[in-house]
Every structure is written in structure tokens, then in C-alpha cells.
Chemist: 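Pasting a structure below so you can have a look.
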2 protein chains.
Amino acid sequence: MARISPAPQRFERRVPDIGYGVLDELVGYALRRAQIAIYEDFEAALGPMDITSQRFSAMVVIAANPAIAQGTLGRVLGVARSGVVQVVNGLQARGWVTREAHGTDARAWLLKLTAEGRTILVKARRRVHAHDARVSQRLSTTERDQLIALLDRLGSKP
Amino acid sequence: MARISPAPQRFERRVPDIGYGVLDELVGYALRRAQIAIYEDFEAALGPMDITSQRFSAMVVIAANPAIAQGTLGRVLGVARSGVVQVVNGLQARGWVTREAHGTDARAWLLKLTAEGRTILVKARRRVHAHDARVSQRLSTTERDQLIALLDRLGSKP
DNA sequence: TATTGTTATACTCTATAACTATA
DNA sequence: TATAGTTATAGAGTATAACAATA
């Protein structure tokens with residue numbers, strides 16, 4: 001498997017001799033710190049493939065739900081309809097996704113991966129797995145699963 | 001304490017009958033989902049005070065490190081110098097932060113909270129604590145601390 | 001009337017690079 | 001030469017609103 005160089009780390013988790021006040025006690029800020037670190041590594045690993053995290057998740061969702069409509073994809077990704085157009089345009093311009101006519105609803109497009117899109121996704125998925133293992137390398141498998149489970153329970157809606 | 005209404009939730013964590021493929025197994029995506037939910041709630045709670053998460057963290061850091069220089073603040077927040085200027089301009093325009101002359105280095109500014117800034121920060125901190133408790137309400141105290149500890153260990157640098 | 005996708009537009013966030021004034 | 005801050009500018013990303021076609 002290709003060796004992907006780790007992120008160049010522009011962001012210092014803790015600047016020496018600086019007090020972080022209440023930030024150190026907040027889940028939200030711990031999340032932000034982690035997210036910056038993860039995003040940097042993702043970008044370093046997938047950027048050379050011209051894949052952003054949003055493009056990746058869009059392709060994964062399309063692959064897992066062939067012939068998904070744009071509106072649904074937007075709901076899944078949490079992006080407005082107009083934003084989905086941009087994302088899909090980008091994927092289509094790269095030849096990774098096609099818009100096909102919906103059989104019964106002439107307003108809607110159905111999204112599918114092209115053969116090239118599937119090939120790229122396989123490669124990207126490998127890199128993303130390596131990336132995910134890298135950013136959670138200081139966690140045991142149990143801790144990693146625990147972390148995901150805890151994150152899934154965050155949110156203000158009980 | 002004022003009752004802050006919870007976030008309006010535009011983002012659905014799971015859309016019914018939709019497969020999420022590999023996304024469900026990734027720390028990075030769990031983080032993203034959680035982050036969207038948390039950000040929405042933060043915005044709903046602090047937005048009325050004209051405080052963004054970045055303004056909040058900047059003020060906390062300035063409060064915890066009076067007479068901090070802009071460059072240092074940028075390193076702490078993980079923002080480029082030019083970005084710090086924008087943030088500080090916004091805080092200064094609201095009368096919450098002042099730029100004072102550095103005694104020995106005429107190039108640098110020292111940042112301090114104004115009296116009004118300190119008052120606002122006290123109020124904001126209360127709301128942020130309520131917000132943080134709200135988004136982690138489905139976690140026990142132990143789980144919450146555990147989550148923060150796990151998040152702090154994420155990152156590609158061993 | 002409501003919905004799907006599109007366009008136009010704008011706003012936020014952030015970065016790079018060039019600039020100034022110091023050091 | 002290097003550094004602190006500023007400005008200009010541009011590029012993502014995202015949202016709202018108006019619109020066309022269709023339901």
C-alpha cells in the first residue's frame with residue numbers, strides 16, 4: 001500500500017506557557033481541536049487525489065445508495081440543495097458521477113458512480129482508512145470504538 | 001439563569017433507509033456529525049449575543065493571558081496572522097477588547113479585555129457551560145470526561 | 001400549490017502575498 | 001534580514017431567494 005505522508009501540522013494543540021481557561025473543560029473545544037488535526041491529515045492524504053472530505057462522503061453515499069436523488073443526498077450530507085449542485089457538478093466534471101433521468105419524476109436526477117468513480121473510490125477508501133488509523137493511532141481498538149459511540153450520543157436533542 | 005432554546009436542528013444524523021457505507025466506521029465522520037450538531041446549538045445559544053465560537057475562544061484566551069500579542073493569539077487559535085486581525089477588529093469594534101502599545105516592541109500590540117468585555121465574557125461563559133451540558137446531556141460525567149480525554153489523544157503526531 | 005433542481009448572489013472564514021514599520 | 005501587524009485579494013464553503021419545469 002502506498003505510504004501517505006502525515007499532515008504537516010500547522011496547528012499546535014497547546015502553546016507553551018499559555019492558559020486556555022475554560023476551553024480545556026469544554027467538549028465543544030476538544031472537538032474543534034481534534035477536528036483541525038484530523039482535517040489537516042485528511043487533506044494531506046486525499047488532497048493529491050483531488051478529493052475533499054465532502055467529495056469523499058458524497059461518493060460513499062452515492063455508492064451505498066445507487067440512483068439516489070440530489071435532494072436526498074443533500075439531506076444526508078446536511079447541505080442545502082444549491083450546495084449539492086456544486087458538489088455534484090464537481091464530481092461530474094471529474095467524470096466520477098453521472099446524473100441520469102429519473103423514470104417517473106422528470107424534475108429529479110438520479111446519481112450514480114461511473115466506472116472511473118468506483119475505481120477512484122476504492123483507492124480513496126484505502127487512503128481514508130489509513131488516514132483514520134493514523135489519526136487514532138494513540139487509541140486502542142476498544143477506545144476507538146468507544147470514542148465513536150460517545151460522539152454518536154452527542155447532540156442537544158434527547 | 002436565562003433559558004436558552006435548543007438548536008433548531010437542520011441536520012439529520014441518520015436519514016431513514018439510507019446507507020452510510022464506510023462513513024459509519026470512521027472517527028473523522030463521527031466527529032463531523034457531532035461537530036455539526038454542536039455548532040448548531042452553540043450558534044443558537046450565543047448568536048443572540050453576537051458571539052461566534054471563534055470570538056468566544058479568542059476572548060477566553062485573552063482573559064486567561066492578559067496582554068497577549070496578536071501573533072501568539074493566532075498560534076493558539078490556529079489562525080493566520082491576517083485572520084487574527086479580522087477577529088480582533090471585530091472584538092474591538094464591539095468594545096470588548098483593546099489594543100495597547102507594547103512597552104519595548106513598537107511593532108506589537110497587546111490585547112486586553114475591556115470592562116465591558118469582561119462582563120460579556122462572564123455571561124457568555126455561563127451560556128457556553130449550559131450549551132456544553134446540553135449537547136452532552138446523554139453522557140454521564142465520567143463519559144464526558146472520557147470523551148474529552150479521548151479527543152485530546154487524536155492526531156497523527158505520535 | 002408544492003417540489004426538484006438551478007442560478008444569482010452574498011456572506012463567512014481563511015489563506016497567501018505584498019506592504020509598513022519596526023527590530 | 002527577520003518579525004508584527006496590516007491590507008488586498010482570492011478561494012472555499014455555504015446559505016437565501018428567485019426562477020423554471022414538473023408534480
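In what follows, chains carry the letters A, B, and so on, assigned in the order in which the sequence lines appear, proteins first and then strands, with residues in each chain numbered from 1. Note that this is a predicted model, so its numbers are computed, not measured.
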Chemist: Are B:Asp152 and A:Arg138 ion-paired here, with the side-chain N under 4.0 Å from a carboxylate O?
Modeler: no

Chemist: Establish, with yes or no, whether the OP1 or OP2 oxygen of C:dT14 is under 4.0 angstrom from a side-chain nitrogen or oxygen of B:Gln54.
Modeler: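 Checking C:dT14 against B:Gln54, a side-chain N or O does come within under 4.0 Å of OP1 or OP2.
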
Chemist: Within a radius of less than 6.0 Å around CZ of A:Arg32, do more than 12 heavy atoms belonging to other residues, nucleotides or ligands occur?
Modeler: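 No, the 6.0 Å shell around CZ holds no more than 12 heavy atoms from other groups.
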
Chemist: Can you say whether the rings of A:Tyr20 and A:Tyr29 are parallel (under 30°), tilted (30 to 60°) or perpendicular (over 60°)?
Modeler: tilted

Chemist: Round to the nearest Å and state the distance from B:Phe11 atom CZ to D:dA15 atom C1'.
Modeler: 16 Å

Chemist: State plainly whether one hydrophobic cluster holds both A:Phe11 and B:Leu151, where clusters connect Ile, Leu, Val, Met, Phe, Trp and Tyr through side-chain heavy atoms under 4.5 angstrom apart.
Modeler: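 No.
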
Chemist: I would like to know whether B:Arg99 and B:Gln92 meet side-chain hydrogen bond (donor to acceptor under 3.5 Å, both in side chains); could you show each step before the answer?
Modeler: CA-CA 8 Å; B:Arg99 286 185 237 235; B:Gln92 197 176 33; 3.2 Å; yes

Chemist: Measure the distance from CD1 on B:Ile36 to C1' on D:dA15 and round it to the nearest whole Å.
Modeler: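 Rounded to the whole Å, the gap is 14 Å.
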
Chemist: Distance check needed: C:dT16 P versus B:Gln86 CD, whole Å only.
Modeler: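 One finds 15 Å between P of C:dT16 and CD of B:Gln86, rounded.
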
Chemist: Within this structure, what is the OG1-CH2 distance for the pair A:Thr98 and A:Trp109, rounded to the nearest 0.5 Å?
Modeler: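 Here the interatomic distance stands at 10.5 Å.
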
Chemist: Pairs under 3.5 angstrom, nitrogen or oxygen only, protein versus nucleotides 17-23 of chain D, please.
Modeler:
| from | atom 1 | to | atom 2 | distance (Å) |
| --- | --- | --- | --- | --- |
| D:dA23 | OP1 | A:Thr104 | O | 3.4 |
| D:dA23 | OP1 | A:Ala106 | N | 2.9 |

Chemist: In residues 55-70 of chain B, which ones come under 4.0 Å of DNA chain C, going by heavy atoms?
Modeler: none

Chemist: For DNA chain C, which residues in residues 93-102 of chain B have a heavy atom at a distance below 4.0 Å?
Modeler: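 Residues of residues 93-102 of chain B under 4.0 Å from DNA chain C: none.
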
Chemist: Rounded to the nearest angstrom, tell me the gap between atom CG in A:Leu73 and atom P in C:dT3.
Modeler: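 So the CG-P distance, A:Leu73 to C:dT3, works out to 19 Å.
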
Chemist: Nearest whole angstrom, please: distance from the C1' of C:dC13 to the CG of B:Asn89.
Modeler: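 Distance check: B:Asn89 CG to C:dC13 C1' gives 15 Å.
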
Chemist: Specify the residue among A:Val87 and B:Thr72 whose closest nucleotide of DNA chain D lies further upstream toward the 5′ end.
Modeler: B:Thr72

Chemist: For A:Gly83, report the nucleic acid contact type (base, sugar-phosphate, nothing); a contact means any heavy atom under 4.0 Å.
Modeler: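 No contact.
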
Chemist: Answer yes or no: is there a donor N or O on one side and an acceptor on the other, between the side chain of B:Asp132 and the main chain of A:Leu26, under 3.5 Å?
Modeler: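 No, the answer is negative, given that no donor and acceptor are paired below the 3.5 Å cut-off.
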
Chemist: Return the value, rounded to whole Å, for the distance between atom CD1 of A:Ile51 and atom C1' of D:dA12.
Modeler: 17 Å

Chemist: Salt-bridge test for B:Glu143 and A:Arg153: reply yes if a basic N is under 4.0 Å from a carboxylate O, no otherwise.
Modeler: yes

Chemist: Of the options C:dT6, D:dT6, C:dT14, whose atoms approach the side-chain atoms of B:Trp109 most closely?
Modeler: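 Of all the options, the side chain of B:Trp109 is nearest to D:dT6.
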
Chemist: Nearest 0.5 Å, what's the CZ-CE distance between B:Arg118 and B:Met59?
Modeler: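 These two atoms lie 10.0 Å from each other.
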
Chemist: How long is the line joining CD of A:Glu40 and P of D:dA12, in whole Å?
Modeler: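 Result: 18 Å.
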
Chemist: Would you kindly confirm whether B:Leu31 and B:Ile36 end up in one hydrophobic cluster when ILVMFWY residues are joined by side chain heavy atoms under 4.5 Å apart?
Modeler: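 Different clusters.
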
Chemist: Rounded to whole Å, please give me the gap between CD in A:Glu43 and C1' in C:dC13.
Modeler: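 In whole Å, C:dC13 C1' and A:Glu43 CD are 14 Å from each other.
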
Chemist: When you check the gap from the basic side-chain N to the acidic O, do A:Asp24 and A:Arg14 get nearer than 4.0 Å?
Modeler: yes

Chemist: Give a yes or no on whether B:Ile68 and B:Val97 share a hydrophobic cluster (residues Ile, Leu, Val, Met, Phe, Trp, Tyr; joining criterion: side-chain heavy atoms under 4.5 Å apart).
Modeler: yes

